There are 2 protein chains.
Amino acid sequence: MNSGASIPQHRKLYEILRKHISEGVYAEGDLLPSENELCRLYGMTRPTVRQSLAALANDGYIRKHQGKGSIVQLPPMDIGILSVSGTTSALGNRNLKTRIIVKPVLKPWPEEFMFNLTKLERESGCIYMERLRLLDEAPIFYDISYIANINLPRITARQFENKSLFVILREHYQVEIKGGEQRIRAISPSARIRSFLMLEAGQPVLHLERRIMTNMEGLFLYSSIFCNTGKYSVFGRF
Amino acid sequence: MNSGASIPQHRKLYEILRKHISEGVYAEGDLLPSENELCRLYGMTRPTVRQSLAALANDGYIRKHQGKGSIVQLPPMDIGILSVSGTTSALGNRNLKTRIIVKPVLKPWPEEFMFNLTKLERESGCIYMERLRLLDEAPIFYDISYIANINLPRITARQFENKSLFVILREHYQVEIKGGEQRIRAISPSARIRSFLMLEAGQPVLHLERRIMTNMEGLFLYSSIFCNTGKYSVFGRF
DNA sequence: AATATTTACTTGTAAATACAAGTTTGTTTG
DNA sequence: CAAACAAACTTGTATTTACAAGTAAATATT
């Protein structure tokens, strides 16, 4: 009999360890308890524990070394909008602020969209919003988001000021990010983008078009992000 | 007793299936043989087969569906220099050419390097080269590569014209790419870069600084890539 | 004929067991 | 004291067994 819900044990252990690593219970470079120790601690068998550790290694939370143990690595992303990380986490998330330019509204999708949409997505309409992200009061990202209006009641009413969109989707709708794809370009910004990012004429802008997959079948998050990479550069793992 | 070398069975099966998928034995959308069938075919047990399939799913070659089977996906990258993929694979790799600007030479590392180097790397010196990548005769990437001169005999003598650097490292030195990290910026190109990419003044350029990890302990590949994203955009999964 | 239901698949989860192989830490030996 | 060895760890690989859960097709029912 499973104690509690029908969440697999290996998944549970994965979440526990992931949380511990994220919260700093284990520092970078630390050794995780050995597999056998984890077995004893959580009452599982080694194959189950190993499944959890394999997933953690995959997601970049640990590095395994035969004969040595599992070494903790710093978490890879978790920076709000951009899963491309680094600059922000290097500075600590303290100075990161979000200003909403266009509040979430429900409206039809643009005719020409950056990604191909399913029939269901087109029919559902999209939740649209524009946000500006500032680091130490300096605008860094301008983010235009599109979400298909599927199984997300009352989402336009929610606050997006302080919490990241991902956190809200996770806490209120149990939506988890699974991965995604992106197109990256260097562009000359439009006057509008230039003014939001407070750029001088001629300064280039990094443009990301992303399609983010979730655990909800058919639910994707889309965003078009303009970055001022003059002072900071976007960082990512692959 | 192991038949042949000391390569694990699950790794062997992984390589076999990966090759089959890459070579088109299975088309996109096809179902792989079921796990039990693979057991019979290759004389392994299900956990071993599952380990192979888990790795394939991880690397984006298949998508698993409970009750259904393992569905083949198109390979994710494998595009020569850039693991950021898409544009090239969409066009087929036929039109991709490489022109060597600076042949591989052994020299000391730059004093100020884009990533922190280990003591061993600094002492070993670096293999330096510059290459231009063209798509349909139009220059797209300008790639400056740095490799620590560790366990790579005769590498400066090898041909890089037609084969990708990764392929050479793989075939001659058994070096496998494990992952990496990158910084991305939009910049105004220098006159030199602008002339190589045949750009007009004012056109922005995408700049990637990458550190690529390998299976060889302590061996990293570094590259600084300048991309003309005017016509094509760099594509990547995460 | 259309709809349930059963059946035979598929992958997912989990245990118990065994040995191989790399790493560290002692202990013994010279 | 220093080097060589041995023991006690660690993770890696692999088999065997069992049942759960999702999917699809064949079958029985209405």
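Protein chains get the first letters and strands the later ones, always in sequence-line order, with residue 1 at the start of each. Nothing here was measured: the structure is a model prediction, and the numbers come from that model.
- Contact annotation for A:T45: base contact, defined as any heavy-atom pair under 4.0 Å involving a base atom.
- A cation-pi arrangement, defined by a distance under 6.0 Å to the six-membered ring centre and an angle within 45 degrees of its axis, is absent between A:R18 and A:Y14.
- Closest to the A:K68 side chain, of the nucleotides C:dT24, D:dA14, D:dT10, is C:dT24.
- Between A:L13 atom CG and C:dT13 atom C1' there is a gap of 14 Å when expressed in whole angstrom units.
- Judged by the 6.0 Å and 45° rule, B:R131 forms no cation-pi pair with B:F141.
- Taking atom CG of residue B:L38 and atom P of nucleotide C:dT10, one finds them 10 Å apart after rounding to whole Å.
- The CZ atom of B:R50 sits 11 Å away from the P atom of C:dA14 (whole-angstrom rounding).
- Atom-to-atom, CD of A:Q51 to C1' of D:dT13 comes out at 16 Å; the value is rounded to the nearest Å.
- With B:Y222 as the aromatic partner, B:R211 does not meet the cation-pi criteria of under 6.0 angstrom to the ring centre and within 45 degrees of the ring axis.
- In terms of position along DNA chain D, the nucleotide closest to A:K64 lies nearer the 5' end than the nucleotide closest to the other residue of the pair A:K64 and B:M44.
- Side chain of A:R210 to main chain of A:L221: no donor-acceptor pair is present (N/O by atom type, distance under 3.5 Å, no hydrogens or angles).
- In this structure, the CZ atom of A:R46 is 16 Å from the P atom of D:dT15, given to the nearest Å.
- Between A:Q66 atom CD and D:dA8 atom P there is a gap of 20 Å when expressed in whole angstrom units.
- Of the candidates C:dT11, D:dA14, D:dT15, C:dT11 carries the atom nearest the B:S34 side chain, counting heavy atoms from C-beta on.
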